[in-house]
Structure formats: C-alpha cells, structure tokens
Amino acid sequence: MNIIEINKTPPTLDNEMISGRLSLTLKDLSVAVADVDGVVVEDDVDVVAVELADCVVVDVAVVAVEDAGTVVALVGAVVVVLVAVVVVGTTVVEENNKPEDIKRLNDNNDLKAEKKIKIDEDSAPAAKMSFSVSSDSMQFMTLCETLEAIENTTKRLVINDILTNFFIKLINESQKDLLPSVYLSLNQIAPTFEGIELGIGETVLVKAVSAVTGRSISAIRNDVKELGDLGKVAQSSKSSQKMMYTPKSLSIHTVFKTFRDIALITGKDSVTKKVDKIRSLLVACQGCEVKYLIRILEGKLRIGLAERSILTSLGTAFIKAKNPKASPEEIDEGVETLKSVFNEIPSYDQIIPALFDYGVNKLSEHCHMTPGIPLKPMLAHPTKSLTEVLDRFEGKPFTCEYKYDGERAQVHRLADGSIKIFSRNSEDMTDKYPDIMEHIPEIITDGAQSFVIDAEVVAFDRLKNSILPFQVLSTRKRKDVNTANIQVQVSLYAFDLLFLNGKSLLTTTFRERRDLLHQNFRVVEGKFAFAKYMDAQTTEDIQYFLDDSVKENCEGLMVKTLVEESSYEPSKRSRNWLKVKKDYVSGIGDSVDLVVIGAYHGKGKRVGNYGGFLLACYDDQNEEYQTICKIGTGFSDSDLGEHTTFLNNHIIPGPKSYYSYADNAKPDVWFDAVQVWEIKAADLSISPVYRAGVGLVDSSKGISLRFPRFIRIRNDKSPENATTSSQIANLYQMQAVINNNSKNDDDLE
DNA sequence: CGTGTCTGCCC
DNA sequence: ATTCTGC
DNA sequence: GCAGAATGGGCAGACACG
C-alpha cells in the first residue's frame, strides 16, 4: 500500500494553503483518477469517480510524495492532490437527487453506514495524512464545535456557559483569535459603521457549494427547500465525497482573513473571484465546519446566539479568566458594564483590546461615548392601545411625540467641527446627506459646538412645505450625492440630545435633554424642526394628538417618560420607549381579506412547513386574482402547521390562467384559490412586482401592502368575496387624500 | 450600453 | 419593519 | 420581558449578461 505522506513545509492556508491552481481537462482527470486509483484504492473500493463540469479548475497543494510514482508522473515534479473533485464510489452525488437520496443524506450525514463506502478516515491510508499542524492560530474547528454545542441546546444559561468557556480558552491560549472569533460568531467582519460588506448572498453561496461538490445548482436549491438550510445541504453534499487526504485544518485566523479579503474584492468578475475564495475554504472544511462556514457567510447562524448573548459571555469570560471564583454579583456587574460600554461604542475593534489592557471593571474609563462613533439608538416597544400606554407609565410624567415616517439619523458634530451621520443600525450615512451637513451652522445656536442628536430624516416638499412619504425618501441617492443636484429634499426632525460640548447626557433625564436640545438648536423651515410633542396625561388628549399625528403624515406616536427611568441607556432597557402606531386608529388599520394562491418552503425553524405565502386580491372586473404581497408573520407555530397541512390538499401544478402575477415573483408552490385570510397592514404602496389594481392607480404598476401580517382565517368568506382590486385602489387613494388634506390644513392654519 | 439579478439596508 | 416563543 | 429567529415591501448600487 502506498501512503502519500506530506512532509516538509506543508502548505498552509495562512500563506495560501492553496498554493497553486491547475486547469485540467476531463482527459487529464481521468488519467489522474486512474493513477490515484492505483495508488490508494485497493480491492475494498468499487470505483473512483470524478464529478466534473467540462473543464475543472483544481485547487492544488504542492507537496512531496513518497513512493507514489504514478502520481508524480502525472504532472511531473509537481504532484496534484485532488482535494475536492475526487469522490468515491456510489457516493457520487447525482444530479436531480431523488427524495430517497436526500433522506439518506439527511439520516446519515457522514454516510458511515453506507455499505459500499469502504474508504473513510479510518480505513483509507491516504486519508491518514500525517503532516504536523503547527499554527499559531486556533483551529476553526474549535469554534465550530462550540457553535455546534450551542446549537444543541435552547437554554440560554447553557449557551452562555459554553460560549464563556470558549472565550476563556481563547483568553488563556490564543488571545489574537478572540476578536475574529467574536466577529465570526456575529456573522460580521467589521464594525457596521465601517461599511465593509461581504457582498455574498444565498445565490453566490449556492454557486460555491455547487463548485465544490460538483452538484448542480438546481439540485442544491431543491435540497435547501427540503432541509431548510444551505449549511446543512453543503455539509451533507460534501460529506458524501471522500477526499484523498485530509487537508490541513483551517485556522480561525485564516477564515476571518479570507472573509475580509472577500469583502475587498470588487469590479468585473468579482463574483467569480469571491466564489473561488469561498471554494478554497470549503475545500479545506471538515465536518460541521462546512455548515457553519456557510451559515456565517449567509449571516444567519441560527443557533440561538446573537449580540446580547455574546456580550454576556464575553464579559463573564473576562471576569472569570481573571478571577475564577468571581461571585455572581461581580459577574453581573461586569456584564452590565460591558453591555453599557458596548452601547456607547459598538466596536469590538476598540473594546476587546481595551478588555485585555484594562479589564472589565476599568473598561468604561477607556471606552466611552465619542462623537464620530455611533451609539446604539434607543428603540421603542410596540403597544396596542392607549390604555396599555397609560398602564405602563402609571403615575410617571411622560410625553408624546409624533413618530415621523422617515429614516432614523444620529447626527454627530465632532470637536473639530466635522459632521457624521449614522443610521438606526449604525451605518455611516454621512455621504448620503451632505445637505444636512451644510444646514448645521444654520440650526445651531451659539452654544453648540460638539454634539450628538437623535432625529428622523423626512422627505420634504419645500414648495408645499409638507412632509413626503417614506417611499419618496427611499428613492434618494446614497452615494456621490452632490448638494447642488439633490432630487429628494429632506428635513430633520430632532427629538433627543445625547451629547453636548464634550459632555455625555445619557444619564440625565429626558426632560433636561429635551430642554437642552431646544436651547441649542433652532427651527429652520424645511431643514430642521423639533419633533412635535405634547406632555399629556389623559387618554382623551393623547387620542386627539394621535389623530393629529396621522393627519400630518406621521406613523403615530412615541411615548417617553420625562423623569423616572428616562435616561438614554439602551443597555438597561433597550425598549424603554413606547410606540403607538396608527394601524389601530385609521386608514388601513382596518384589515383586508386576501386569497392564498401560493407558498414558499420554510427555512430554519420553519423547515417542513411553508414559511411564507403569496396572497392575491380579487379583480371582479377581469375575474382574476392579482398578487398583492407575501405574508410571513403573524401566525403561531401551530397556525403554520395547519396552513401547510390544509393547503397541501390544494396544490396545483402551475398557476391558473386567471392568476395575474409577475414572472419574478413566483412562489415555490401554487394553490387553488380556496381560502381567505384577514391581513393587517400599515400602508399601501405602488409596487414594482405586485399586480393588485394594476391600471387603476398606475397604468402599469400594481399595489402592495407595507408591513403585512396574518390575523386569522376567514372561513366565512369565499375567494370571490375577498377584497377586490378596486377596493384596494380606493384604499390607496384614500391614503393619498389624507395626505393632501393635511397639507391643506397646514396651508389654512 | 441597456436590462436583469443580487445584495445590503432602509422601513 | 411585525410577530411568535423558550427561557 | 428579553433575545432570538422566522418573515414582509422596496429602493439604490454593483455586477453579470447579452
């Protein structure tokens, strides 16, 4: 038996483990396979086959080989180790997998029970590659095993323990891997405000998985429908291949660095280049690494772990690493410190080095709110009624503000006078709003130097002096915006002041912050205003104010305490504000009755059920069903199961002739029009893809719903009695009329 | 160079 | 964005 | 009630493709 042994400078991914690449023709590969066959395979293996697509680009590692002359002969002095393309026997994954195949893969990911597979890591000499792995960076597998352990529980305390132990291990053994590990666990590669993006989505990942496994894109797509997770699909596809040798294990550092490299790739052929990078990682992945690599790239780990848990574990780990006997109180305090610091500076790039240097307890001395770095914005809790609001705020003094329908903006002015503007999710929007930057000198009074204000950017019609809908704002350019040529003008509606002249105001009361805001800024029509507010107490007053807010094109109200628990500290209670949306008051707040005509296979926790549905209204003029929106929220888990069971009895092979839909908005499965659902939505919009009321409001575009959610089944209604296209068109026009009326009101006042 | 698809990010 | 669910 | 994970419409920007 020949044993391929890799020795001497084993290729490492750190210096590009994939050290070269050869284009091999099909013929070359047959030769290679034949030769490999001779080397590795004995009588216990049926076939060695190669999955290939016409000409295959083979990732190669340059190695030295003992006693493998035939292989050496193949390409002369350079020996090709076929990593990804050589698969064994009947495990070659066929195109157009039969369901049984999928089931088999599902039932037994590693295929050890598969009778015909004789080569595995225990029995195949070639798989026992013995090169020493000496790397400074911790193995990616260690991270993946941690993620796997977390995925196997739903208990948050257990999750916290597992992650804490992993972080402690890193702190003790491999400090430089902590930051990359935190990023990988979060599916991030940099702080959001740095604007570095992978530019990788499901489509590209499917391509990469296809390239590595040799399976067709449609086969992979079909498996995703069944397994509900591309990571799982990739893992089961890949585990059915047996590699000629075990590739050098991936390090956390390598994976993270490759991700950053991917993010930097732009321009022509960038997608291909990105796929290549992902492929080289996938080739080196083993076991569950495949699943998590894919999921991290997808941005959905789906293991019950996100930012808050990571912060908890990170804080706990640093405290325990220093003092293993720390009391629960000490740990709690440290975790609170870390969370609060993180909310002021949401940048692990800054916090993790500071944790190493100063520890948790002194962290806030070194990391604190800084103009130029976005802080996490306060969010609001949705409430269903004004009584609910009064219940929550009881006797505390509170205030109501208009909730403007625009884009959240945190406007920073640094000590040097420069301006930065951040989005709700801490993206840097400075380049999108050069006009706001120019307005700053006009809107500040003499006292304001450095500051951070919290505000809403709203599209504004300067001729009519009125607010424009969100859909108008969304058409605004985002890059290379030139002040001289702005199509969508905006006005800023400020509602909070978080920092002023070198001083943080986070812990002061809202009443004080609001006073300071009004003292230091001034209204300039069409450019800057304060969010309209009323310090009301009675339900009646609030009801009137809510009605007014809607008449003036707002979404409803924000309700905030003025004194007690009114500090701006998202860490303590991330949703200490309340919002009351107009849905409960007017407009489309009443719901709409729509027909289910299609569905989409669920992913993640919805696997096995439909995860979303395609809805239509009824056009009684043309006697057809016109698509209006998809729906994916509002149903309980049991609702979903019942919908799936019921609708599976009404599947049709293709759309009815009387279904009107766009080609790029087709469901996975079509249904007969048999059931009507009550759907609630916030607004109606002109849609590029949906067909409801086409020709009634816009000659070529239909109407859709904003924020649709399922309310209940309407068994009392037949599909022909669903909401009609003309009713939808009327609702749209009423919405527009309300807007116009409010403008007139303003003009009259 | 125009159109379609994909992605990320607003809500 | 909205909504549901285990802890 | 938190934290997480399902899912919605629709836009600009970046590429791919013909």
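Throughout, a chain's letter reflects where its sequence line sits, starting with A, and its residues are numbered from 1.
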Student: Could you check whether A/N664 gets within reach of a base, just the sugar-phosphate, or nothing at all, counting any heavy atom under 4.0 Å?
Tutor: nothing
Student: Is a donor-acceptor pair below 3.5 Å formed from side chain A/R478 to base D/dC11, judging by atom type as modelled?
Tutor: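 Yes, the side chain and the base share a sub-3.5 Å donor-acceptor pair.
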Student: Rounding to an integer number of Å, can you tell me how far A/D583 CG sits from C/dA1 C1'?
Tutor: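 Atom CG in A/D583 sits about 11 Å away from atom C1' in C/dA1.
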Student: Give A/I200 one of three labels, base, sugar-phosphate or nothing, depending on what nucleic acid heavy atoms sit under 4.0 Å from its own.
Tutor: sugar-phosphate
Student: Once you round it to whole Å, what is the distance between C1' of B/dC6 and CG of A/L205?
Tutor: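 Value for this atom pair: 12 Å.
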Student: Please figure out whether A/S571 or A/K603 has its closest DNA chain D nucleotide nearer the 5' end.
Tutor: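 By nearest-heavy-atom nucleotide position, the 5'-most residue is A/S571.
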Student: Send over the distance from A/L301 CG to D/dA3 P, rounded to a whole Å.
Tutor: 18 Å
Student: Just to be sure I understand the rule, does A/I686 reach a base, reach only the sugar-phosphate, or reach nothing, if contact means heavy atoms closer than 4.0 Å?
Tutor: sugar-phosphate
Student: Quick check for you: among B/dC10, D/dC2, D/dG10, whose closest atom lies nearest to any side-chain atom of A/R573?
Tutor: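 Of all the options, the side chain of A/R573 is nearest to D/dC2.
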Student: Tell me which of A/K630 and A/I310 sits closer to the 5' end of DNA chain D, going by the nucleotide each one is nearest to.
Tutor: A/I310
Student: Tell me if the centroids of the rings in A/F635 and A/Y610 come within less than 6.0 Å of each other.
Tutor: no
Student: Kindly say whether, by distance alone, the side chain of A/T633 makes a donor-acceptor pair under 3.5 Å with the base of D/dT7?
Tutor: no
Student: Please round to the nearest 0.5 Å and tell me the distance separating atom CD1 of A/I713 and atom CD of A/E642.
Tutor: 7.0 Å
Student: Rounded to whole Å, please give me the gap between CD in A/Q471 and P in B/dC9.
Tutor: 21 Å
Student: Which listed nucleotide (B/dG8, C/dT3, B/dC10) is nearest to the side chain of A/E197?
Tutor: B/dG8
Student: Please give, in whole Å, the distance from D/dC2 C1' to A/R575 CZ?
Tutor: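 Distance, rounded to whole Å: 9 Å.
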Student: Using 30° and 60° as the class boundaries, would you call the ring planes of A/F393 and A/F398 parallel, tilted or perpendicular?
Tutor: tilted
Student: Show the nearest heavy-atom pair for residues A/L386 and A/L546, with the distance to one decimal.
Tutor: CD2-CD2, 4.5 Å
Student: Please compare A/S636 and A/E555 by the position of their nearest nucleotide in DNA chain C and report the one closer to 5'.
Tutor: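 The residue closer to the strand's 5' end, by nearest nucleotide, is A/E555.
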Student: Pick from A/R302, A/K605, A/K232, A/K291: which one makes a salt bridge (Lys or Arg N to Asp or Glu O under 4.0 Å) with A/E151?
Tutor: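 Answer after filtering A/R302, A/K605, A/K232, A/K291: A/K291.
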